[in-house]
2 protein chains.
Amino acid sequence: MSADPADGTTARPTVVPGQRATRQRAAIGDLLDQLDDFRSAQDIHEELRRRGEGIGLTTVYRTLQALAEAGEIDVLRTAAGEASYRRCSDTHHHHLVCRTCGRTVEVEGPAVEHWAEKVAAEHGFAEIDHTVEIIGVCESCRS
Amino acid sequence: MSADPADGTTARPTVVPGQRATRQRAAIGDLLDQLDDFRSAQDIHEELRRRGEGIGLTTVYRTLQALAEAGEIDVLRTAAGEASYRRCSDTHHHHLVCRTCGRTVEVEGPAVEHWAEKVAAEHGFAEIDHTVEIIGVCESCRS
DNA sequence: GAGCTTATCGACACCGGGTGTCAGTACCGG
DNA sequence: CCGGTACTGACACCCGGTGTCGATAAGCTC
């Protein structure tokens with residue numbers, strides 16, 4: 001979470017001390033960088049195999065899970081209960097998803113954040129966390 | 001969805017024409033009326049068996065699914081990917097859930113509805129649907 | 001660079017929520 | 001009361017995801 005110390009590292013590290021940089025992890029990271037919508041673990045695994053990466057499904061599951069836990073990527077559950085992953089910006093935000101083509105737009109909503117906190121406080125709730133997803137049909141899918 | 005035609009039916013019917021009133025459906029309906037927080041299908045099944053209702057798990061799954069589809073009850077997915085059901089008020093609303101005891105509070109938020117619509121419109125999305133869940137720790141669980 | 005330690009990998013078995021099937025059952029209209 | 005049909009439920013099955021454990025390879029030390 002904290003900013004990089006002032007050494008010359010370039011982008012987001014994805015490498016945590018005590019965690020090794022492996023070909024598989026790099027491949028998943030690269031793929032996530034190239035994609036801009038939510039993909040299931042199986043999708044990602046399949047795509048990597050298609051690209052000739054020798055990688056196991058278990059590894060994909062675990063790596064995605066670890067990335068999600070580290071806050072590197074966002075997870076969301078589809079209606080079918082399947083988990084989808086996507087690399088997202090650091091800032092807190094929510095998603096606008098097209099139910100037809102799956103296109104995703106990140107949206108910020110200070111209004112919602114405030115509303116959530118206010119409502120929670122009114123009912124005596126603390127340590128608030130919230131999920132907001134908006135699902136609809138995007139312009140190009142409507143035509 | 002549409003209001004009842006002007007005959008003398010009392011409360012919410014749960015009975016749709018072409019759908020039969022069975023003991024099992026009634027039992028599920030009754031139980032849902034008595035509960036006021038989200039329960040998994042398996043919970044509900046177990047509770048019904050405990051009460052001596054002879055009812056199959058499959059039936060519970062299907063009935064809950066049908067009720068959810070008809071808008072009679074609300075569904076939400078737990079972090080584990082399990083579906084939870086609860087009978088809710090007719091009006092559109094969201095939930096404030098205690099992550100410790102599971103207590104649920106229904107909250108309304110015109111502000112969020114407007115925000116969602118506005119944001120969606122700005123990005124050319126239509127036929128909007130949205131989910132908002134706030135999770136925290138309630139007052140009694142904090143002490 | 002060699003050697004060693006240890007995190008990581010991945011094939012495979014397994015788990016558990018949920019669904020499809022299909023014969024038996026029980027509503028409900030006539 | 002009877003027949004047709006919606007519903008039921010035991011059971012097999014599906015599939016996303018996790019645990020296991022021997023094999024592998026990253027990275028440190030010398």
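All chains are named by letter (A, B, ...) in the order of the sequence lines, taking the proteins before the strands, and each is independently numbered beginning at 1. Excluded from the calculations below are hydrogen atoms, water molecules and symmetry mates; all remaining heavy atoms, backbone and side chain alike, are included.
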Is the shortest distance from a Lys or Arg side-chain nitrogen in Arg23(A) or Glu53(A) to a carboxylate oxygen in the other one below 4.0 Å?
-> yes

Protein-nucleotide distance (Arg62(A), atom CZ; dG10(C), atom C1'), rounded to Å = 7 Å

Taking the side chain of Glu82(B) as its heavy atoms from C-beta onward, which of dG18(C), dG17(D), dC9(C) lies nearest to it?
-> dG18(C)

Below 4.5 Å, heavy atoms only, C-beta onward: do Phe38(B) and Asp74(B) meet side chain to side chain?
-> yes

Proximity of His130(A) and His92(A) rings by center, below 6.0 Å = yes

Map Thr22(B) and Gly81(B) onto DNA chain C by nearest heavy atom, then report which one ends up closer to the 5' terminus.
-> Gly81(B)

Under 3.5 Å, is there an N or O donor on one side and an acceptor on the other linking the side chain of Arg77(B) and the base of dG17(C)?
-> no

Looking only at dT6(C), dG17(C), dG4(D), the nucleotide nearest the Arg20(A) side chain is dT6(C)

When all nucleic acid strands are considered with a 4.0 Å heavy-atom cut-off, which category describes Leu57(B): base, sugar-phosphate, or nothing?
-> nothing

Salt bridge Glu46(A)-Arg51(A), side-chain N to carboxylate O under 4.0 Å | no

Taking only N and O in the side chain of Arg25(B), is any of them less than 4.0 Å away from OP1 or OP2 of dC7(D)?
-> yes

Side-chain N,O (Thr58(B)) to OP1/OP2 (dT8(D)) below 4.0 Å = no

When you look at CD of Gln34(A), are more than 12 heavy atoms from neighbouring residues, nucleotides or ligands closer to it than 6.0 Å?
-> yes

Check the distance between dC9(C)'s C1' and Leu64(A)'s CG and give it to me in whole angstrom.
-> 15 Å

Base, sugar-phosphate alone, or nothing: which one does Ala83(B) contact when heavy atoms must sit under 4.0 Å apart?
-> sugar-phosphate

Ion pair check, Arg87(B) and Glu72(B), cut-off under 4.0 Å = yes

Between Tyr61(B) and Gln24(B), name the one whose nearest nucleotide on DNA chain C is closer to the 5' end.
-> Tyr61(B)

Residues touching DNA chain C, which here means a heavy atom under 4.0 Å, drawn from residues 35-53 of chain A | none

Using a cut-off of less than 4.0 Å, is there contact between a side-chain N or O of Gln65(A) and OP1 or OP2 of dT18(D)?
-> yes

Please list, one pair per line, the donor and acceptor atoms closer than 3.5 Å that link side chains of residues 55-67 of chain B to other protein atoms, with sequence neighbours excluded.
residue	atom	partner	partner atom	Å
Tyr61(B)	OH	Gln42(B)	NE2	3.0
Thr63(B)	OG1	Thr59(B)	O	2.7

